[in-house]
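Source: prediction; values computed, not measured. Order of listing sets the numbers, starting from 1, for every ligand and every atom in it.
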Amino acid sequence: MKIIVTGGAGFIGGNFVHYMVNKYPEDMIINLDLLTYAGNLETLKPVENAPNYKFIKGDIADRAFIFKLFEEEKPDVVINFAAESHVDRSITDPESFVRTNVMGTTTLLDACRTYGIKRYHQVSTDEVYGDLPLDRPDLFFTEETPLHTSSPYSSSKAGADLFVLAYHRTYGLPVTVSRCSNNYGPYHFPEKLIPLIISRALNNEELPVYGKGENVRDWLYVTDHCKAIDLIVRKGKVGEIYNIGGHNERTNLEVVKTILKALNKPESLIKFVTDRPGHDRRYAIDPTKIETELGWKPEYTFDTGIVKTIDWYLNNKEWWEHIISGEYTKYFENMYGERL
Ligand SMILES: NC(=O)c1ccc[n+]([C@@H]2O[C@H](COP(=O)([O-])OP(=O)(O)OC[C@H]3O[C@@H](n4cnc5c(N)ncnc54)[C@H](O)[C@@H]3O)[C@@H](O)[C@H]2O)c1
């Protein structure tokens, strides 16, 4: 099978490429990524010379480019991770989120419709459901929860999901959608909470925490997300949505304190900062559908996954220090400048 993975130089897409290249040597994995600030080819170093892996630089919203690519490559499966993904950035620049997340998705869907596809999979987020109140721990997001977005980011992801489902209903395109809770693990860009806290705590820098740190997130170790997507693409029912999450709810403050304890750093590094506008209070996934229909179970709890993650950041300082110093842009210019 030939599989196009878009956004494979990002955090989850990069972990997914590693997983697929190693698990399915008979499949060809094409990583299509624009290499925005969030795309980092250093993440792909462990697989860059694998015979079943190829990198192509390109924009999912560039229609002429995407159609030419599909004409040449004729992929069997497309898995769309590519996105503008940072909520804070969506508040200052919503338009780039509409362009990549909505128009990029419809461009891929049109190419799939034109050239034929066995499966198009949309990697979405639980943020499309909005948030839950802090005082109702009995409430969870199911696949039937109405879309109720808060930020330009989640609105653009919800818009994309609706297009994906409409292309199934209108044109019979074989699609699936997954909506996952917050991921953490190796190769996570250091602007996001967990890698930010680990990298800053190691440097004894202040740790910014929004509001009082009471917001609750449902954390999933990234490889468990990758396995779920692989399962949905191979065994999931066409036209269906699957929620992915492992019941690992933690307040942001609990996450920060867990990391400080593991690194033996003082809580005095914590600095509470003005809350993000429209900050979602609680996310919590009900994964019953994927567990019962597809037999998915996460391998890691938050307690085991966070230890593995901290170890990875301690053992791979070069990777995240290059990002913080901007060195990674030089790496891909040096390594790939000729080929891009
Ligand atoms: N991070 C999470 O916790 C989380 C949770 C649930 C769902 N998701 C979804 O998973 C996907 C991946 O998230 P992530 O955290 O790995 O994101 P990321 O920001 O780390 O990576 C996004 C990648 O997409 C690429 N990209 C951006 N615009 C592009 C374009 N126009 N054309 C081609 N490539 C482009 C970037 O270069 C980058 O490599 C996103 O769709 C996101 O909405 C993320």
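Heavy atoms of other residues, nucleotides or ligands lying less than 6.0 angstrom from CG of Asn264 number 12 at most. Counted within 6.0 Å of NZ on Lys308, heavy atoms from surrounding residues, nucleotides or ligands total 12 or fewer; the atom is thus considered open.
Look at Lys157 and Asp161 and you find no salt bridge, because none of the NZ, NE, NH1 or NH2 atoms lies under 4.0 Å from a carboxylate O.
With respect to atom 38 (C) of ligand 1, the closest heavy atom belonging to the protein is Asp33 OD2, 3.5 Å. Nearest non-hydrogen protein atom to atom 21 (O) of ligand 1 is Gly10 CA, 3.4 Å. Distance from atom 41 (O) of ligand 1 to its nearest protein heavy atom, with residue and atom name: Lys157 NZ, 2.6 Å. The protein non-hydrogen atom at the shortest distance from atom 10 (O) of ligand 1 is Val123 CG1, 3.5 Å. Ranking protein heavy atoms by distance to atom 43 (O) of ligand 1, first place goes to Tyr153 OH, 2.6 Å. Protein heavy atom closest to atom 34 (N) of ligand 1, with residue, atom name and distance, is Leu34 N, 3.1 Å. Among all non-hydrogen protein atoms, the one lying nearest atom 4 (C) of ligand 1 is Ile12 CD1, 3.5 Å. Of the protein's heavy atoms, Phe81 O, 3.2 Å lies nearest to atom 11 (C) of ligand 1.
In terms of heavy-atom proximity, Tyr210 sits nearest to Asp275 at CB-OD1, 3.4 Å. Smallest separation of non-hydrogen atoms from His188 and Phe11: CD2-CD2, 3.2 Å.
By the criterion of a heavy-atom distance under 4.0 Å, neither the backbone nor the side chain of Asn80 is placed next to ligand 1.
The aromatic rings of Tyr184 and Trp219 stand perpendicular to each other, their planes meeting at an angle above 60°, with 30° marking the opposite boundary. Taking the six-membered ring for Trp and thresholds of 30 and 60 degrees, Trp312 and Trp319 have ring planes more than 60 degrees apart, a perpendicular arrangement.
By the 3.5 Å distance cut-off applied to N or O atoms, Lys192 is not counted among the residues near ligand 1. Distances between N or O atoms of Asn182 and those of ligand 1 include no value under 3.5 Å. Of the N or O atoms in Phe11, one or more lie within a sub-3.5 Å distance of an N or O in ligand 1. The shortest N/O to N/O separation between Ser181 and ligand 1 does not fall below 3.5 Å. In terms of polar-atom proximity, Asn40 is not counted as a contact of ligand 1, lacking any N or O under 3.5 Å from an N or O of the ligand. Note: an N/O pair closer than 3.5 Å links Ser85 and ligand 1 by distance alone.
Every heavy atom of Gly8 sits 4.0 Å or more from the atoms of ligand 1. Heavy atoms of Thr6 come nearer than 4.0 angstrom to ligand 1 in no pair at all. Contact annotation: Cys180 has at least one heavy atom less than 4.0 Å from an atom of ligand 1. For Gly14, the closest heavy-atom approach to ligand 1 does not fall below 4.0 Å.
Between His86 and Phe189, the closest side-chain pair of non-hydrogen atoms is not below 4.5 Å.
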